[in-house]
Amino acid sequence: MGKRRLVIGVVTGAHGVRGLVRVKSFTADPADLTAYGPLTDASGSKTFDLTVKGDVKGQVLAAIAGCADRNAAEALRGTELYLDRDLLPETEEEGEFYHADLIGLDAVGPEGQAMGTVRAIYDFGSGDMLEIVDGEGRAELFAFTSDVVPDVDLEAGRLTIVPPESVEDEKGDA
């Protein structure tokens, strides 16, 4: 398998006239945008040398080498900034995962029956939700809790889903 590349930020626009850009960072601490290694375009062929200068309205202000004026900064709007997945540190806590490691995992039911694949992870304000898509393209959301997702096996490429009605049935039987 080739190197996996993750989008960890996107240029949202110019800031001022001297070439600074606003970047929406997808790192836990937005200021860590440049902490893990070189940022590139999707292909990995173009490297962006960013220097974080501050923040504004929840976004990172950054200077990019070679971007000296507002026109050059505006031309970068929409540019996604990628990082090799291998450059991210290992998670520190049991049960803590990078979203990118979960996306693409096979989802199986409590008896090992195929349920689909993890397509996306959302947070609508009450915790992470896994979007599982079955072989026919139907999508279903499941809370990413230890009751609903009791097992994540990254090495095997799968996670176990216990649908909420099954969780309620088990608790009711106790």
Side-chain angles (χ1 to χ4, degrees), residues 1-93 95-107 116-144 149 152 154 157 159:
M1 182 168 129
K3 283 189 176 182
R4 288 190 311 153
R5 308 194 51 69
L6 307 177
V7 176
I8 66 163
V10 63
V11 177
T12 61
H15 180 83
V17 296
R18 295 193 173 115
L20 289 180
V21 294
R22 291 186 321 271
V23 179
K24 179 173 176 58
S25 174
F26 304 134
T27 56
D29 179 353
D32 284 346
L33 185 66
T34 59
Y36 304 111
L39 302 176
T40 67
D41 62 2
S43 69
S45 61
K46 182 174 182 176
T47 300
F48 298 98
D49 182 12
L50 264 75
T51 304
V52 174
K53 297 292 188 177
D55 61 79
V56 63
K57 297 181 182 176
Q59 295 190 6
V60 173
L61 282 182
I64 298 179
C67 183
D69 60 37
R70 184 172 184 85
N71 290 339
E74 278 296 336
L76 291 172
R77 180 188 297 266
T79 300
E80 294 178 325
L81 304 171
Y82 286 79
L83 179 73
D84 288 336
R85 164 59 183 96
D86 294 341
L87 295 175
L88 292 175
E90 292 303 315
T91 56
E92 295 178 8
E93 294 182 29
E96 182 178 52
F97 306 96
Y98 287 113
H99 286 189
D101 292 340
L102 299 174
I103 294 172
L105 291 182
D106 291 330
T117 304
V118 179
R119 176 167 59 186
I121 302 167
Y122 304 105
D123 186 347
F124 300 113
S126 62
D128 287 335
M129 302 289 289
L130 299 178
E131 181 181 36
I132 307 298
V133 179
D134 67 15
E136 296 177 15
R138 291 181 301 236
E140 191 168 356
L141 293 176
F142 293 95
F144 189 42
V149 185
V152 176
L154 295 178
L159 51 80

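- In terms of heavy-atom proximity, K53 sits nearest to A63 at CE-CB, 3.8 Å.
- Q59 pairs by the side-chain hydrogen bond (donor to acceptor under 3.5 Å, both in side chains) definition with T12, not counting sequence neighbours.
- In this structure, L130 CG and F144 CZ are separated by 5.5 Å, a value rounded to the nearest 0.5 Å.
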Identify all side-chain donor-acceptor contacts of residues 20-28 below 3.5 Å with residues at least two apart in sequence or on another chain.
residue : atom : partner : partner atom : Å
R22     : NH1  : A14     : O            : 2.5
S25     : OG   : T27     : N            : 3.3
S25     : OG   : T27     : OG1          : 2.7
S25     : OG   : P30     : O            : 3.4
T27     : OG1  : D29     : O            : 2.7

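- Nearest heavy-atom pair across V60 and A31 is CG2-N, 4.5 Å.
- Summarising the geometry, atom OG1 belonging to T47 is positioned 11.0 Å from atom CG belonging to L81; distances are rounded to the nearest 0.5 Å.
- The salt bridge (Lys or Arg N to Asp or Glu O under 4.0 Å) pairs that include a residue from residues 124-139 are R119-E131, D134-R138, E136-R138, where partners are two or more places apart or lie in different chains.
- A donor-acceptor distance shorter than 3.5 angstrom exists from the side chain of D41 to the backbone of S45, with no hydrogens or angles considered.
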Run the side-chain contact (heavy atoms from CB on, under 4.5 Å) test on V133 and T117 for me, step by step, so that the C-alpha distance in whole Å, both residues' side-chain angles and the decisive distance to 0.1 Å come before the verdict. CA-CA 5 Å; V133 179; T117 304; 5.6 Å; no
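- Rounded to the nearest 0.5 angstrom, D55 CG and L33 CG are separated by 12.5 Å.
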From CA spacing to verdict: side-chain contact (heavy atoms from CB on, under 4.5 Å), L6, H99: CA-CA 10 Å; L6 307 177; H99 286 189; over 6 Å; no
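- Residues that satisfy the side-chain hydrogen bond (donor to acceptor under 3.5 Å, both in side chains) test with E80, not counting sequence neighbours, are Y82.
- With T34 contributing its side chain and L50 its backbone, the two residues share no donor-acceptor pair below 3.5 Å.
- From I64, atom CD1 reaches atom CZ of F48 across 6.5 Å, with rounding to the nearest 0.5 Å.
- With sequence neighbours left out, E90 forms a salt bridge (charged side-chain N to carboxylate O under 4.0 Å, His left out) with no residue at all.
- The environment of CZ in R85 is crowded: more than 12 heavy-atom neighbours from other residues, nucleotides or ligands sit within 6.0 Å.
- One distance of note links CG of L88 with OH of Y98; it measures 4.5 Å at 0.5 Å rounding.
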Under the criterion side-chain contact (heavy atoms from CB on, under 4.5 Å), I'd like the reasoning laid out for L141 against F124: C-alpha separation, chi angles, the key distance, then a yes or no. CA-CA 12 Å; L141 293 176; F124 300 113; 4.1 Å; yes
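- Contacts classified as salt bridge (Lys or Arg N to Asp or Glu O under 4.0 Å) and involving residues 69-78 (residues at least two apart or in different chains) are given here: R70-E74, E74-R77.
- If you take CG on L39 and CD1 on I8, they are separated by 4.5 Å, rounding to the nearest 0.5 Å.
- Residues G19 and A73 come closest through the heavy atom pair O-CB, 3.8 Å.
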Does the side-chain contact (heavy atoms from CB on, under 4.5 Å) test come out yes or no for L154 and L105, once each step is laid out? CA-CA 8 Å; L154 295 178; L105 291 182; 3.9 Å; yes
